[in-house]
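Lettering follows sequence order; numbering is per chain, from 1.
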There are 4 protein chains.
Amino acid sequence: MVQKSTQQHQSRPPAPSPTKPAPNSTRRSERSRRAIYEAALELVVELGYPKTTIEGIAARAGVGKQTIYRWWSSKADVLLEAFLDLFAQASREAGAEPYVIPDTGDLAADIKTVLRATVDQLKDPRYAAPSRALAAEGLVDEALGRRCAATLMEPSLQLYADRLHAAQEAGEVRPDIDPRIALEFFVSPLAQRWLQYTGPISYEYVDTLVDYALHGLAPR
Amino acid sequence: MVQKSTQQHQSRPPAPSPTKPAPNSTRRSERSRRAIYEAALELVVELGYPKTTIEGIAARAGVGKQTIYRWWSSKADVLLEAFLDLFAQASREAGAEPYVIPDTGDLAADIKTVLRATVDQLKDPRYAAPSRALAAEGLVDEALGRRCAATLMEPSLQLYADRLHAAQEAGEVRPDIDPRIALEFFVSPLAQRWLQYTGPISYEYVDTLVDYALHGLAPR
Amino acid sequence: MVQKSTQQHQSRPPAPSPTKPAPNSTRRSERSRRAIYEAALELVVELGYPKTTIEGIAARAGVGKQTIYRWWSSKADVLLEAFLDLFAQASREAGAEPYVIPDTGDLAADIKTVLRATVDQLKDPRYAAPSRALAAEGLVDEALGRRCAATLMEPSLQLYADRLHAAQEAGEVRPDIDPRIALEFFVSPLAQRWLQYTGPISYEYVDTLVDYALHGLAPR
Amino acid sequence: MVQKSTQQHQSRPPAPSPTKPAPNSTRRSERSRRAIYEAALELVVELGYPKTTIEGIAARAGVGKQTIYRWWSSKADVLLEAFLDLFAQASREAGAEPYVIPDTGDLAADIKTVLRATVDQLKDPRYAAPSRALAAEGLVDEALGRRCAATLMEPSLQLYADRLHAAQEAGEVRPDIDPRIALEFFVSPLAQRWLQYTGPISYEYVDTLVDYALHGLAPR
DNA sequence: CGTTAAGCGAGACGGTACGTCTTGTCTTAGT
DNA sequence: ACTAAGACAAGACGTACCGTCTCGCTTAACG
């Protein structure tokens, strides 16, 4: 799924714009692309996103500026692809199935497991710095924001939706619930605390979220 | 003795930072401050945050750049104060109690009322543009992010916490629920959909959030 | 003569411009004036003329900027008066007749004596720095340049003219010579070497100038 | 000699300063350089040197500021090169031998011819304004002053020295005279009158200078 | 297997905005 | 009323990047 949407972005065979010569990707230097990914991610972690410049990325990657402008349209664009690449790479290294929500038959436990892993990842600056940077840029550039949502978040969110659907069939969740809304009870509060510093993040916190969400706030 | 100690002309007892002369705020031009607020908000709405520059704000406000740098440390800093001022002004104009969650005895209805008003506000570009800009900058600048959370969001969030506490005492919410976590079921999903384009926003949507949150996802 | 032209500048009793309130010089702070002179001269020696700012002078003199703008029209104006004051002060301290060309009956010897003293003075940074600064500003601002010529140089030049005139009467100089031109053979080459780095300055050099000037370049 | 010192300045093979990347002059835009020269000279004539700004030069030349800062170190530096270029260009246009002192066998007449041409040039604002500006800046910035002396004045002065030397061999000038000093009797008085407004400039004046200098002030 | 056109590194270019500095005016207290 | 202090509008400074545009030089694809 992730791969599909990524392909969608990278392949522009029909060359829709006649003004641009449409670079020939068969001649593209793989070496440069990797170096640019690495440099971009490193600089965002080291300097923060605003101090990361295209000139800086080019310099660290040992690459001409034009090589960046030829293949990407903006700093955020570079970073988005670099981040997707990081994910793909991490997944490949982790082997097996990296991003699947387990289904042990106990929805609460399964969701907690995944959320705890997410908490760990949010605290790793290697992931946190680029994520925040992309989220920030996406807030202000709607097109980028939608692309981030579609490529970075949508695949994961769909996993939640799928797991909730399975839970509905198992009778663990009410059949009238819309999984696309229900999943937000798990991910949105965590996302907001992380992005906007509205509260601390911990295993205990995500466990509480799951319990509250499943059983409701009202007495029964 | 007296003379000798007077020679010590360099003693600045409070003076925490020796580098900045700390401008005298009693002489500050109220006229300039208001003009800067207005110009900043207008430009963010018209051009978007990234194309809003300090030079542009100064020019539109009819103010020297130094007057901005004297009183604020960054573009985001200006915008935060301008936005707070906009809120304060709006509140004053609205008169009475502008930001209180009603307590009719029906928690669900009250929360829905407030969330529907929030939905309307999120769609008003006068508020939306600066909010997104500040949120974006806060993502990448932790100090600013914490200030935004504390000054812009915390007051509203506390109102939810208070209303939930009242509902607990009225028996509408389980007594073991932490209101500071519970409130996130109402605001975080909405915030995320708005900020990250993960879904559409509507009255129906927020109503659904309230129902799901109060009664839980699991069958009872 | 010097006093006359100086007075001409400082006292503006008829108040020609009705827009300016024409400061009342009787209330003027003598203390501030002296402090400004000292600060200006020190800063020009320490930092050079271009890095000497009105703000810097005010700060070192412990004086408000307005006090400078009230009484002088420009940085060069301050420096010119400060320099004239330095001269007047030095003359008073030196007592007797400070600036007279001796008349021993030997024109060559007398001129050499004075020129050697001038060489010494040109090498004293206390005089050299402000002189160069004023000369520089005068090159580019004709009004100032004429005032410098009239107040700083003219008195000295007239002394040469007078001495040459006396020499004419004594038969040491041809009667058809114009002293106002002849004196330039003594002062201009020295001035140019000093101002424009076109050659070294020494006692021997000025002695040579005098000999060449008196007896001509052509064989006799 | 002149060439040697010029070379010394231009060729810096050992690259003494590691901080500056030293721009690659083979890629330099000739078009920009000429436009900058023209703009600088025009602005100095129109506005005067102090009101000529680097930003103004860049704007009129249709050039980025960095293009100026990349190749020159200061406003005066630009102007010096622009002025040298103006000279070189004028010489090329004048064809033949532009700057040679004639040798008709009559030293007095030859020098008068050249000085009269100089008087004309000093009154042409196209030359006068930049000259004064450079002289002014050179007074206050010794490095620049020496460069002006070496590049602008030295070549001309050497022509006088050469002509005087020839006159010595022809018996028109005493053999014990140092031409490097003697020439100052012709150029320095004129320079001072021009630079410092110490007197009027005319053909008659320079003729008088030549006569006085050759035959001396003393009766014979 | 050599030609050739592309991508490549490098970096100069016209620009824009930065944050700082200074100018000359104006305002506020203090004496 | 003049002063010390300093905020103000204005605008130049020199720097950092932007995104575009050549330059030669690899280097892969096709003829």
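- Taking OG1 of T67(B) as the start and CD1 of I57(B) as the end, the distance is 13.0 Å to the nearest 0.5 Å.
- In summary, R146(C) and E142(C) engage in a salt bridge, as defined by a charged side-chain N under 4.0 Å from a carboxylate O.
- For the pair R28(A) and W71(A), the cation-pi criterion (under 6.0 Å, within 45° of the ring axis) is fulfilled.
- Crowding of R31(B) atom CZ: a count of heavy atoms from other residues, nucleotides or ligands under 6.0 Å not exceeding 12.
- Following rounding to the nearest Å, I36(A) (CD1) and dG9(E) (C1') show an atom-to-atom distance of 11 Å.
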Inset, instruction - Produce a footprint string for nucleotides 10-20 of chain E: one letter per nucleotide, 5' end first; B if the base is under 4.0 Å from any protein heavy atom, S if only the sugar-phosphate is, - if neither. - result: B-BBBB-BBBB
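- A straight line from CD1 of I68(C) to P of dA4(F) spans 10 Å, rounded to a whole angstrom.
- Atoms CZ (R33(B)) and P (dC8(F)) sit 11 Å apart, rounded to a whole Å.
- In summary, E46(C) and R60(C) engage in a salt bridge, as defined by a charged side-chain N under 4.0 Å from a carboxylate O.
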